[in-house]
Number of protein chains: 2
Amino acid sequence: MKLPPLVQSFVLHFGEMGSRWGINRTVGQIYALLYVSPGPLNAEQIVDALGVSRSNVSMGLKELQAWNLVLLKHIPDDRRDYFTTPDDVWLILRTLAEERKKREVDPTLSVLRELLMQTPGSEDERHAQARMAEMHGLIERLTNWYEDVKRLETERLAALLALGAKVTRLLEAKDKVVGLVRPRKGG
Amino acid sequence: MKLPPLVQSFVLHFGEMGSRWGINRTVGQIYALLYVSPGPLNAEQIVDALGVSRSNVSMGLKELQAWNLVLLKHIPDDRRDYFTTPDDVWLILRTLAEERKKREVDPTLSVLRELLMQTPGSEDERHAQARMAEMHGLIERLTNWYEDVKRLETERLAALLALGAKVTRLLEAKDKVVGLVRPRKGG
DNA sequence: TCTCCATTTCAGAAATTCCTGAAATGACGG
DNA sequence: CCGTCATTTCAGGAATTTCTGAAATGGAGA
């Protein structure tokens with residue numbers, strides 16, 4: 001691996017983290033390299049930079065494309081494929097969230113739904129099903145929320161993030177206003 | 001593995017998903033089993049239910065305890081260890097978020113901080129560092145937001161979730177009110 | 001159609017992770 | 001101190017994943 005020290009550290013870190021993220025070392029390194037590179041790279045350049053086999057790079061790029069985390073670019077008068085990551089870190093975040101949801105939560109949600117349809121054959125099964133219902137309910141709430149916020153424009157999303165826990169104050173304020181307009185029983 | 005069909009399906013699914021979640025099959029299965037069980041189980045019962053070795057269960061339980069996802073319980077006049085998962089699914093969610101952050105984002109954040117301290121030695125390094133700064137900024141915003149919301153009581157958190165994208169309407173309303181009280185330049 | 005070159009596929013080697021049985025450790029009552 | 005029983009450790013075998021080189025595929029121009 002021949003890279004400027006700063007880039008090398010970054011790339012190596014992503015390689016190591018890869019395993020905790022369900023991607024392998026090479027895939028992590030390729031992503032990191034593309035992320036910090038000033039321009040698109042072709043497979044051969046990645047091979048040189050990382051010192052792994054051509055075929056490994058090919059497979060890694062394929063996986064990253066399946067994740068929508070790298071983009072294929074073409075350079076005029078060059079028939080090799082060039083790759084980049086999206087510039088916009090917010091877009092990267094959205095993509096990551098979307099793909100992880102697709103792979104990590106959707107299958108579970110669908111299994112839970114299926115199991116909840118079945119009729120329990122014993123007291124233990126009845127209890128198990130109740131627990132599954134709790135899990136299903138929580139996951140569904142979370143994914144509904146996610147479906148909502150992912151539609152927000154980045155600017156609004158950023159505003160929301162910046163607000164942090166202060167949203168609760170807003171909530172309180174809202175309750176008060178609503179309470180004034182339409183007083184609750186026992187209020 | 002000898003389990004009621006409903007439970008078995010659930011346990012097998014968690015086993016398979018395990019790999020996508022950075023835990024292994026047995027660990028996933030143990031967790032799933034404890035999650036749906038009506039009461040605490042000891043290691044031997046888990047061995048019988050899952051059909052894996054005693055030592056494997058021991059290691060799996062150890063890992064789950066490291067994740068704070070299972071609790072050790074003692075039953076009077078029985079010197080074996082019994083295990084459960086927390087009842088409250090919200091608590092489980094919080095624990096999961098906390099532990100994943102600890103393992104998956106904190107190390108990256110700290111590497112990024114370190115690399116951002118260094119002086120770039122070339123134009124490419126300068127660019128790489130700028131990209132790292134973008135990533136660092138985003139992650140920091142997210143973790144700050146997370147630190148904020150994790151302090152909310154569950155009830156408030158649920159309210160926030162239920163609100164979903166409607167928070168933006170609240171934001172707009174707030175802007176308007178604030179605008180009335182303290183009109184902006186050019187408003 | 002043929003050649004050239006980029007890319008992909010794939011069988012098997014290398015590396016890593018997972019799992020097991022056996023032995024070690026620990027904790028309690030006698 | 002023992003004996004007993006529960007748990008943990010750990011070396012090495014099993015299973016899985018990752019990586020490679022060689023061969024196959026594909027596509028553009030001659």
Side-chain angles (χ1 to χ4, degrees), chain A residues 1 11-34 40-67 69-84 103-104, chain B residues 1 11-12 14-34 40-67 70-84 103-104:
Chain A
M1 189 182 300
V11 163
L12 288 178
H13 174 76
F14 262 65
E16 280 165 31
M17 289 309 274
S19 48
R20 299 196 191 179
W21 272 77
I23 60 175
N24 67 43
R25 186 155 34 94
T26 308
V27 171
Q29 291 184 350
I30 294 174
Y31 183 79
L33 177 62
L34 290 175
L41 300 180
N42 65 41
E44 205 56 47
Q45 293 173 304
I46 299 172
V47 167
D48 290 346
L50 302 182
V52 297
S53 73
R54 184 57 236 280
S55 50
N56 198 4
V57 168
S58 175
M59 291 189 296
L61 286 169
K62 223 177 107 195
E63 178 165 358
L64 285 168
Q65 282 175 286
W67 278 83
L69 283 173
V70 309
L71 271 35
L72 175 59
K73 284 217 166 194
H74 277 118
I75 289 189
D77 301 327
D78 189 334
R79 65 182 164 106
R80 287 168 294 181
D81 293 343
Y82 282 76
F83 300 90
T84 25
R103 290 167 172 75
E104 299 183 3
Chain B
M1 189 183 297
V11 163
L12 288 178
F14 263 64
E16 280 165 31
M17 289 310 275
S19 49
R20 301 197 189 176
W21 272 77
I23 60 176
N24 67 43
R25 186 155 34 94
T26 309
V27 171
Q29 292 184 350
I30 294 174
Y31 182 80
L33 177 64
L34 291 175
L41 300 180
N42 64 42
E44 205 56 47
Q45 294 174 303
I46 297 172
V47 166
D48 290 345
L50 302 182
V52 298
S53 73
R54 184 59 235 280
S55 51
N56 197 6
V57 167
S58 175
M59 291 188 297
L61 286 168
K62 222 178 107 195
E63 178 165 358
L64 285 167
Q65 282 174 285
W67 277 82
V70 310
L71 272 36
L72 175 58
K73 284 218 164 190
H74 277 116
I75 290 187
D77 301 328
D78 189 333
R79 65 182 162 105
R80 287 168 295 182
D81 292 343
Y82 282 77
F83 300 89
T84 24
R103 290 166 171 76
E104 299 183 2

Ignoring hydrogens, what is the shortest heavy-atom contact between [X] and [Y]? Give both atom names and the distance.
| X | Y | result |
| --- | --- | --- |
| A:Phe83 | A:Leu34 | O-CD2, 3.4 Å |
| B:Val27 | B:Asn24 | N-OD1, 3.0 Å |
| A:Ala43 | A:Leu61 | CB-CD1, 4.4 Å |
| A:Arg103 | B:Arg20 | O-NH1, 2.8 Å |
| A:Gly28 | A:Phe14 | O-CB, 3.6 Å |
| A:Pro40 | A:Gln45 | O-OE1, 4.2 Å |

Figure out the [atom1]/[atom2] separation between [X] and [N], and round it to whole Å.
| X | N | atom1 | atom2 | result |
| --- | --- | --- | --- | --- |
| A:Asn42 | C:dC5 | CG | P | 15 Å |
| A:Ile23 | D:dT18 | CD1 | P | 10 Å |
| B:Asp78 | C:dA27 | CG | C1' | 14 Å |
| A:Asp77 | D:dA28 | CG | P | 14 Å |
| A:Leu64 | D:dT18 | CG | P | 13 Å |
| B:Leu41 | D:dA6 | CG | P | 16 Å |
| A:Ile46 | D:dC19 | CD1 | P | 14 Å |
| A:Leu72 | C:dA6 | CG | C1' | 12 Å |

When we call it a touch if two heavy atoms are under 4.0 Å apart, what does [X] touch: a base, just sugar-phosphate, or nothing?
| X | answer |
| --- | --- |
| A:Arg80 | sugar-phosphate |
| B:Asp81 | sugar-phosphate |
| A:Thr26 | sugar-phosphate |

Identify, between A:Ser19 and A:Tyr82, the residue whose nearest nucleotide on DNA chain C lies closer to the 5' end.
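On the 5' side of the pair lies A:Tyr82.
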
Between A:Arg79 and A:Gln65, name the one whose nearest nucleotide on DNA chain C is closer to the 5' end.
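This one resolves to A:Arg79.
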
Tell me which residues in residues 52-62 of chain B put a heavy atom below 4.0 Å from DNA chain C, sorted by number, or none.
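Contacting residues: B:Val52, B:Ser53, B:Ser55, B:Asn56, B:Met59.
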
Go through D:dC19, C:dC19, D:dT7 for me and flag the one nearest to the A:Asn24 side chain.
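Of the options given, the side chain of A:Asn24 lies nearest D:dC19.
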
For A:Val57, run the side chain to side chain contact (heavy atoms under 4.5 Å, CB included) check against A:Leu41, A:Asn42, A:Ile46 and tell me which one passes.
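Only match with A:Val57 under side chain to side chain contact (heavy atoms under 4.5 Å, CB included): A:Ile46.
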
Examine D:dA15: is either OP1 or OP2 under 4.0 Å from a nitrogen or oxygen in the side chain of B:Arg25? Give yes or no.
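For D:dA15, neither OP1 nor OP2 has a side-chain N or O of B:Arg25 closer than 4.0 Å.
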
